[in-house]
2 protein chains.
Amino acid sequence: MDTATHTAAQSRVVDAALELFAVRGVNGTSLQMIADALGVTKAAVYHQFPSKEQIVVATAETELARLDAAVTAAEAEEDRSRALEVLLSQVVDLAVERRHVVSTLMHDPVVVRLLATHEPFPRLMARVSRVLLGAAPTAEARVRAAMTQIAIGGAVSHPLVADIDDDTLRSELLRMARRLFGLPVDR
Amino acid sequence: MDTATHTAAQSRVVDAALELFAVRGVNGTSLQMIADALGVTKAAVYHQFPSKEQIVVATAETELARLDAAVTAAEAEEDRSRALEVLLSQVVDLAVERRHVVSTLMHDPVVVRLLATHEPFPRLMARVSRVLLGAAPTAEARVRAAMTQIAIGGAVSHPLVADIDDDTLRSELLRMARRLFGLPVDR
DNA sequence: GTCTATATGAAGATAGAC
DNA sequence: GTCTATCTTCATATAGAC
């Protein structure tokens, strides 16, 4: 999942697109809007990416590179509790840091389809789920894993927490997540 | 929040629109698609609603009527724990029953804007939050309230729980929600 | 309540010059 | 890397007949 293969001009497109996607959704964001945000024409944007879909893929890749790193770190832990702790804390960090874009990327219909069908995204999501599920994928474990992914990713952009600073939000989210998994909460 | 003011033809439009919105998002759903799903022409749809926006409003009203009922029931409880229990259990019921559409309605950019700006939706959302927050809107309480709304609404449509039957999903979600609020879990 | 037909604009995308 | 100009398709929306 390489971000390094992007030129500077491509990165500028991705950054501008991401901000717009977060507010208006992918389908609500036209190439004209992206071009306007960059102060260039549509044709200039098309010179960087062959289609709008490829811009969406590039934004998803950029954001998910760090999720990949987090799940890789978790998988390296032998003890299940430690693996969970590593994944939850890194995912919370990531979600808070990217709080203004994370919810869209998880819920936008276009992105959802991409994450479900376009490798390497489904594979990455399966790895995240595997760590959260543990050995026994009971109904309880699956509901808990689903709630965790959704709750962390979605809560960071909820109006109720809009004026909570990053540090507080991070620690509160982590407390809630640990509580769901029966991990020690205080540290 | 009246659903009864719709004619049969209007209700058919709303039902068809809702199914499409859930899969493709509002911006990804054209009036042509809605018309095709109903086997009529676009003009026939425009005869029922003056604009696409009004269709979106009607779908939101239809779905949120029952959330309104749930929060009204909760507000009638004097004891805070009982109010929470009433709201959580009814919201879980509602979310599970409407699991294929609930996530869209909470996250679609068009609907989100509507819920934030178009009365009576913001008022309803504020009432839900007030019950969940309780007397002291601390950071912890706000994060918990945000996580709860998001987790219940979003988890029901998560791939991980796709093949869990409604009854199991309902009881597991309720267990998780109660755990977050320190309510008794077993019953 | 539904139709045909049409207006008007904006979307994604391409050609080719600078 | 960016531009102007253009193509095609599809969007929302309206007029008026049946």
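Computed over heavy atoms, backbone and side chain alike; hydrogens, waters and symmetry mates excluded. Sequence lines set the chain letters: A, B, ... in the order given, protein chains first and strands last, and positions in each chain run from 1.
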* **Touch class at under 4.0 angstrom, heavy-atom based, for B:Ala9 against every strand present** => sugar-phosphate
* To do: Could you run through nucleotides 7-13 of chain D and give me one letter per nucleotide, 5' to 3': B if any protein heavy atom sits under 4.0 Å from the base, S if only the sugar-phosphate is that close, - if neither?
  => ----SBB
* A:Asp68 and A:Thr72: side-chain hydrogen bond (donor to acceptor under 3.5 Å, both in side chains), yes or no, with the steps? -> CA-CA 6 Å; A:Asp68 192 322; A:Thr72 299; 3.3 Å; yes
* Asked: Rounded to whole angstroms, how far apart are CD on A:Gln54 and C1' on C:dG12?
  -> 14 Å
* Not counting sequence neighbours, list each pair that qualifies as a salt bridge (Lys or Arg N to Asp or Glu O under 4.0 Å) and has a residue in residues 40-56 of chain A. => none
* Of all the nucleotides listed (C:dT14, C:dC3, C:dG1), which has the minimum atom distance to the side chain of B:Thr7? -> C:dG1
* Asked: Which distance, rounded to the nearest 0.5 Å, do you find between the CZ of A:Arg99 and the CG of A:Leu173?
  -> 9.0 Å
* Step-by-step side-chain hydrogen bond (donor to acceptor under 3.5 Å, both in side chains) determination, A:His100 to A:Glu19 -> CA-CA 8 Å; A:His100 62 301; A:Glu19 297 302 313; 3.3 Å; yes
* Starting at atom NE2 of B:His47, determine the distance to atom P of D:dC18, rounded to an integer number of angstrom. => 17 Å
* To do: Look at B:Arg144 together with A:Glu172 and state whether they make a salt bridge at an N to O cut-off of under 4.0 Å.
  => no
* Asked: Taking CD1 from A:Ile34 and P from D:dG1, how many angstroms apart are they, rounded to a whole number?
  -> 17 Å
* OP1 or OP2 of C:dT2 less than 4.0 angstrom from a side-chain nitrogen or oxygen of B:Thr41, does that happen here? -> no
* Asked: Judged by modelled atom types alone, do B:Arg170 and B:Ser89 share a side-chain donor-acceptor pair under 3.5 Å?
  -> no
* Could you check how far CZ of A:Phe49 sits from P of D:dT2, rounded to whole Å? => 13 Å
